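Here is the structure we will look at, set down as structure tokens.
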Amino acid sequence: MKRGFNFFALKSLLFMIPVVIGFVILYGLDLTPIITDSALFDHKVAAMQKQKVKGVKIMAIGSSITLYSINSAMLVQHYRMPYYNFSCWRLQMSDILAQLKVYVPEHHPEYVIICSSLGDFRFGADSSFLNYFNTSLFVRQWLPELFYVQHYSSVWEIMHRMHSNKHIAIDHWGGMELTIPLQERDWKAWNERWPFPTDKTSGQYRAMDSVAAYLRDQNIRLIFIQAPIKASYGSVPGTDRLLAAHFDTCRSIMERNDAVYRNYYDTTIFTDTLFNDQYHLLTEGGRIFTKKLFNDLDTIIK
Amino acid sequence: MAFNSLSFAVFFCLFLFAYWRLVQKSLTLQNLLILAGSYLFYAWWDWRFLFLLIGNTALNFLLGIAIADTKKEADRSWLLAAGLIQGLGCLFFFKYYNFFAVSLSNCFSSLGFKADMHTLNIILPLGISFYTFRTISYLLDVKRNKIEPVRDWLAFFCYVAFFPCLTAGPIDRAGTLVPQLQVRRVFDYDQASDGMRQILWGLFKKVVIADNCAIFTSDVFDQYKTLPGSSLLFGALLFTIQLYADFSGYSDMAIGIASLLGFNVTRNFNYPFFAENIVDYWRRWHISLTTWLTDYVFTPLSIRFRDYGNGGLIAAIIITFTAIGIWHGANFTYAVYGFLNGCFYIPAILSGTMFKRKKTAAGPTRFSIKAFSNRVGTFVLVSFSLIIFRAESLGQALGYYKGIFSTSLFSRLVITEKRYTLAPLAFILLMLSVEWWQRDKRHALQIGFIKRFSVRALIYFGLLAIVLVFSATKNTDFIYFKF
């Protein structure tokens with residue numbers, strides 16, 4: 001019997017089935033595809049897809065500062081509203097803007113919380129996030145396995161990335177606690193000062209202005225919190241002036257756009273023992289931060 | 001739209017369906033679809049250069065007919081000259097203009113004259129070297145009455161733009177491809193299956209071997225000043241493998257894709273690493289280019305120089321190889337690479353062994369130390385000449401050679417990207433072993449002799465698993481795209 005094209009096409013399709021099953025298994029095993037340069041972001045979008053996160057009313061977004069500062073369980077228990085922390089390491093204001101433009105129409109939040117520090121104004125935008133945001137919502141929600149092919153990475157590379165990021169442990173609401181035992185602390189980072197401002201800082205201030213304006217136009221309340229910084233940072237001569245200038249810029253941008261601005265740079269409450277390094281709060285610091293947040297937000301979030 | 005991209009996979013699946021399901025009853029529709037698909041494939045990269053391709057094709061189509069219809073030999077020669085000037089002129093302009101402008105300017109400066117030659121911001125149109133050689137060979141063959149001119153415009157346009165071979169060959173002659181374009185293709189299951197197998201083997205070579213090797217070789221050539229001689233030697237050997245896996249992988253995919261459309265295109269590689277001498281090596285490497293230059297450059301030159309004995313033959317071979325080198329690009333490194341390979345022929349010419357061919361025995365053969373050492377020697381010689389090919393400049397190549405032939409040659413091997421280098425070594429061994437076993441076949445995955453389907457399926461899935469697990473994440477462009 002002469003075999004025709006239909007038979008050939010069918011056989012080729014059958015040969016591809018184990019590959020498709022392989023990708024589904026990989027995804028199920030949390031060996032998520034490499035979509036962007038951020039391992040945490042890729043991990044988080046897979047977690048959100050599996051949890052079917054939808055209709056978030058309180059949205060926390062930002063860099064590692066937002067990620068570690070807000071204690072998810074406390075916040076959810078206090079406000080009893082759908083909440084999710086979309087933050088990722090190293091996110092800059094321009095990245096936050098790009099993410100909000102995708103997440104806001106999907107979730108229609110009422111409040112957006114950004115906890116920020118100097119590090120959010122140091123770099124340019126990360127274009128690798130576009131790999132995810134430029135993909136259709138259908139693929140992102142229902143066919144995430146397509147990312148294995150669309151932004152191809154070998155399984156070996158995926159396993160290697162998973163191994164190097166095995167410490168990623170996000171909670172049910174996308175938050176993370178920074179629990180590092182004293183003996184494992186990176187003491188090099190303890191007093192490390194990130195260069196600030198950089199040549200990208202003014203661009204990031206403009207992006208921040210766009211974030212605030214965008215949320216105002218969407219009738220979403222933006223709550224911008226200047227996160228605590230370790231006391232030793234301010235003790236270096238000249239730093240006070242630099243910090244004051246940064247705080248003023250952020251405050252004026254927020255006030256200009258009818259957003260809420262709060263400054264938690266208070267070295268008497270947030271003492272050195274609550275920090276992991278100059279900028280990031282440990283778990284206990286996060287709890288104190290979140291409690292302080294309630295005091296300020298109870299009149300705003302209803 | 002590289003063959004190993006998702007966009008190509010989607011494009012080709014749709015194309016294949018339309019080709020064998022919607023237009024299979026009509027030759028004209030089949031060719032129209034090939035032409036439309038080829039132009040879409042080309043425009044995907046840069047639509048502006050599509051006009052150059054179309055203009056080039058139209059002119060050569062008309063010139064071919066004009067040459068055939070003209071009786072006077074002198075007029076035929078003028079028409080041919082017009083075609084050559086157009087084809088080579090475009091090639092010169094896009095590929096070599098800046099190189100010559102800068103070289104001339106430097107030359108004048110070294111003589112004490114100030115000469116600011118105007119350089120242009122020119123992008124090299126993808127595949128221009130390949131389709132220009134295709135049209136030139138067509139005009140030459142028509143002029144020599146080796147083939148009839150193609151009067152069916154659609155077949156000719158398809159021949160020039162045939163997308164599986166458009167961007168990096170193989171450089172098919174009109175006499176091979178046009179007759180296939182003039183008959184309706186009927187789906188042949190065996191041919192299509194063989195094409196799929198060849199694509200899989202090509203993909204394995206490209207993404208598992210070439211792309212992984214590229215990570216280490218790029219590092220070695222970038223940091224050759226600081227790395228020990230042992231690493232430089234290892235890098236040079238690995239680059240030879242990378243180049244082979246990259247280009248032969250591409251060729252396998254191109255030939256496989258053409259097979260799926262019902263075409264037999266020219267073979268481009270015949271297991272060159274099993275060659276026992278440099279002459280044999282060049283018979284097996286980039287066959288479509290070397291036979292092209294043999295037919296249109298070496299043979300006419302050797303006839304012209306025949307009165308000068310071996311000296312004439314040496315001159316013809318050196319000119320041909322320098323042309324092969326320059327074909328690759330506008331850099332002295334390519335010219336020197338070609339010249340050097342031409343020089344490698346001299347012992348064979350003087351000993352009268354240049355035209356002797358040794359038949360390849362199939363399957364397992366008795367181990368011969370002599371044959372093995374000849375193969376290793378040829379491989380090392382090729383690797384050494386490819387250092388010039390890979391280097392950015394002659395200075396870098398010289399520095400690289402100096403680095404190898406230093407005392408650090410015997411120091412501990414430094415591998416910058418162990419993760420990407422060590423595992424692929426096993427796959428290089430696999431590739432060479434399979435190709436050695438299959439060296440009498442047209443490609444290494446022709447495993448029809450294995451009767452049990454389950455065993456064949458196991459081999460396919462095994463290879464597919466290797467591709468998915470171990471391919472390099474950072475895809476590099478096919479090396480020959482830039483030529």
Side-chain angles (χ1 to χ4, degrees), chain A residues 1-27 29 31-39 42 127-128 131-132 134-136 138-139 143-165, chain B residues 2 4-10 12-13 16-22 24 185-197 199-200 203 207-208 211-212 215 259-262 418-420 422-424 427 453 456-458 460-475:
Chain A
M1 192 188 76
K2 209 173 168 198
R3 288 158 170 178
F5 176 71
N6 287 352
F7 181 78
F8 173 79
L10 187 70
K11 205 171 160 185
S12 303
L13 275 177
L14 286 174
F15 261 98
M16 290 315 291
I17 287 175
V19 177
V20 174
I21 292 172
F23 284 139
V24 173
I25 292 172
L26 280 181
Y27 197 75
L29 290 174
L31 282 162
T32 49
I34 297 175
I35 309 167
T36 68
D37 294 342
S38 167
D42 293 351
S127 59
S128 75
N131 294 346
Y132 183 76
N134 285 348
T135 306
S136 74
F138 176 79
V139 171
L143 212 56
E145 291 87 352
L146 197 69
F147 282 114
Y148 284 111
V149 191
Q150 197 174 344
H151 299 287
Y152 184 76
S153 298
S154 66
V155 177
W156 190 29
E157 194 70 33
I158 290 170
M159 289 170 80
H160 176 78
R161 195 196 222 197
M162 191 182 114
H163 181 73
S164 5
N165 292 289
Chain B
N4 56 335
S5 66
L6 180 66
S7 47
F8 181 79
V10 173
F12 190 63
C13 285
L16 205 61
F17 176 78
Y19 187 76
W20 289 122
R21 269 283 144 261
L22 304 180
Q24 85 280 18
R185 274 77 64 191
V186 179
F187 184 79
D188 180 337
Y189 178 84
D190 293 333
Q191 188 186 21
S193 303
D194 193 53
M196 282 294 265
R197 284 191 283 266
I199 292 171
L200 180 59
L203 189 69
V207 299
V208 177
D211 286 354
N212 276 310
I215 296 167
S259 295
L260 283 170
L261 301 177
K418 274 188 187 153
R419 195 152 60 92
Y420 298 104
L422 297 180
F427 299 122
F453 172 74
R456 289 203 310 272
L458 201 67
Y460 303 144
F461 281 124
L463 210 55
L464 203 57
I466 291 173
V467 166
L468 293 173
V469 175
F470 292 102
S471 60
T473 292
K474 192 181 165 214
N475 278 163

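Heavy-atom basis, side chains included; hydrogens, waters and symmetry copies ignored. Here is how names work: the chains are called A, B, and so on, in the same order as the sequence lines, proteins then strands, and each is numbered from 1. Everything numeric here is computed off the predicted structure, so don't read it as measured data.
Nearest heavy-atom pair, A/Ser154 versus B/Ser471, reported as atom, atom and distance to 0.1 Å: CB-O, 2.9 Å. Heavy-atom minimum distance, B/Leu6 versus A/Gln150: CD2-CA, 3.8 Å. Taking both residues in full, the closest heavy atoms of A/Phe8 and B/Met196 are given as CZ-CG, 3.4 Å, listed atom of the first, atom of the second, then distance. Among all heavy-atom pairs drawn from B/Phe453 and A/Phe15, the shortest one is CZ-CZ, 4.1 Å.
With a threshold of 4.5 angstrom between heavy atoms, A/Phe23 approaches chain B through side-chain atoms but not through N, CA, C or O. B/Leu464 touches chain A through its side chain: at least one heavy atom from C-beta onward sits under 4.5 Å away, while N, CA, C and O do not. With a threshold of 4.5 angstrom between heavy atoms, B/Leu260 approaches chain A through side-chain atoms but not through N, CA, C or O. Neither the backbone nor the side chain of B/Ser7 has a heavy atom closer than 4.5 Å to any heavy atom of chain A.
Taking the six-membered ring where tryptophan is involved, the planes of B/Phe17 and A/Phe5 are tilted, since the angle between them lies from 30° to 60°. Between B/Tyr189 and A/Phe7, the ring planes lie tilted relative to each other; the angle falls in the 30° to 60° range.
The closest side-chain heavy-atom distance from A/Arg3 to B/Asp190 is not below 4.5 Å.
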